[in-house]
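Since this is a predicted model, take the numbers as computed values, not measurements. These values consider heavy atoms only, across backbone and side chains, with no hydrogens, waters or symmetry-generated copies. Just so you know, ligand 1 is whichever comes first in the structure, and atom 1 is the first atom listed for that ligand.
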Amino acid sequence: MRARKILAALEKRYPDAHCELDYTNPLQLLIATILSAQATDVGVNKATPKLFAKFKTAADFANADPKEIEPYIASIGLFRNKAKSVHGACQTLVENFGGQVPRTMDELLTLRGVARKTANVVLGNAFGINEGVVVDTHVTRVAQRFGLTKHDDVRKIERDLMALFPRAKWCLLSHLLIFHGRRVCKARGALCSQDSICQQFCSNAKN
Ligand code: SF4
């Protein structure tokens, strides 16, 4: 019940909550999400227009050497490893999936650089499939502070959130928690005393 009230309050506050990575098709979202690990969406969005103008299909990425991908993403952390992941993931897309991004968790997890979080982002946003909840640093922090989980392990946090919220809302839920985490419940300088949702649902607001 409390979880539903938090969801309703967040939906009202952030009616436009959405994935903040820029993409126009599932392949672009997959690649942008791989690139976003330990990087900001803003930083990824700065790099991807030129990257996606150069490499348009999974085959384009698969046929390139990772070294040819690197210059386009050099402004993003861990870019050498990420170039290898993008290349390897696209090789698998070409070899096993006809160059298309698959629509199941098990298939997505066969791609290099793809763990549950990335797979959930792609399934939820590109295909509208609620297979799980995206748990990133913002979701972790806000879920813990709202008392929605006591865990630190992302898989356990995801399970807690899946148990508390209706499946149809799982993708949206992660966007709402991320929006609140970026705007109010920040890692440093959380605006605890100034926020009406916080005052209703988080004990920190009364400190
Ligand atoms: S009161 Fe503070 S810690 Fe609690 S959810 Fe709001 S911003 Fe985060």
Side-chain angles (χ1 to χ4, degrees), residues 1-23 29 32-48 75-78 105 114-207:
M1 196 62 189
R2 182 173 172 277
R4 302 258 181 158
K5 285 184 180 167
I6 291 173
L7 178 64
L10 290 172
E11 279 193 82
K12 196 168 168 203
R13 169 72 61 79
Y14 306 111
D16 65 335
H18 62 279
C19 177
E20 294 188 279
L21 289 168
D22 294 338
Y23 65 97
L29 179 58
T33 310
I34 291 172
L35 296 177
S36 73
Q38 296 174 57
T40 65
D41 289 357
V42 172
V44 172
N45 289 341
K46 278 190 188 148
T48 48
S75 59
I76 302 171
L78 308 173
M105 176 64 74
V114 175
R116 266 194 81 86
K117 186 182 94 174
T118 297
N120 275 328
V121 170
V122 172
L123 290 171
N125 295 285
F127 301 128
I129 297 170
N130 284 298
E131 185 65 31
V133 178
V134 173
V135 179
D136 72 352
T137 178
H138 301 292
V139 172
T140 296
R141 184 177 68 257
V142 179
Q144 289 170 337
R145 289 176 175 177
F146 272 143
L148 298 169
T149 184
K150 290 185 167 56
H151 291 110
D152 294 315
D153 176 79
V154 291
R155 191 66 187 96
K156 289 179 181 168
I157 295 169
E158 185 183 0
R159 282 201 201 107
D160 285 343
L161 295 175
M162 289 164 73
L164 282 170
F165 294 91
R167 183 170 193 147
K169 299 284 188 178
W170 288 349
C171 181
L172 175 63
L173 172 69
S174 67
H175 296 319
L176 293 168
L177 294 175
I178 290 167
F179 264 54
H180 194 65
R182 284 185 173 145
R183 290 155 183 77
V184 177
C185 189
K186 303 173 190 184
R188 280 182 222 97
L191 309 174
C192 302
S193 60
Q194 303 165 26
D195 189 88
S196 58
I197 296 177
C198 295
Q199 283 168 6
Q200 214 179 335
F201 297 108
C202 183
S203 55
N204 285 358
K206 282 129 197 151
N207 292 341

Please work out whether any backbone atom (N, CA, C, O) or any side-chain heavy atom from C-beta onward of F201 is under 4.0 Å from ligand 1, and answer side chain, backbone, both or neither. neither
Stepwise, does the side chain to side chain contact (heavy atoms under 4.5 Å, CB included) test hold for K169 with L176? CA-CA 10 Å; K169 299 284 188 178; L176 293 168; over 6 Å; no
Near atom 2 (Fe) of ligand 1 (cut-off under 2.8 Å), count of protein N, O or S atoms: 1
Positive for side-chain contact (heavy atoms from CB on, under 4.5 Å) with V133, one of I157, D160, L173: L173
Checking the side chain of N45 only, and the main-chain atoms of D22 only, is there a donor and an acceptor separated by less than 3.5 Å? yes
Take the angle between the ring planes of H180 and F146 and call it parallel below 30°, perpendicular above 60°, tilted in between. parallel
Please identify which of these residues, R13, R145, K186, meets the salt bridge (Lys or Arg N to Asp or Glu O under 4.0 Å) condition with D195. R13
Side chains of Q144 and D152: does their closest heavy-atom pair fall under 4.5 Å? yes
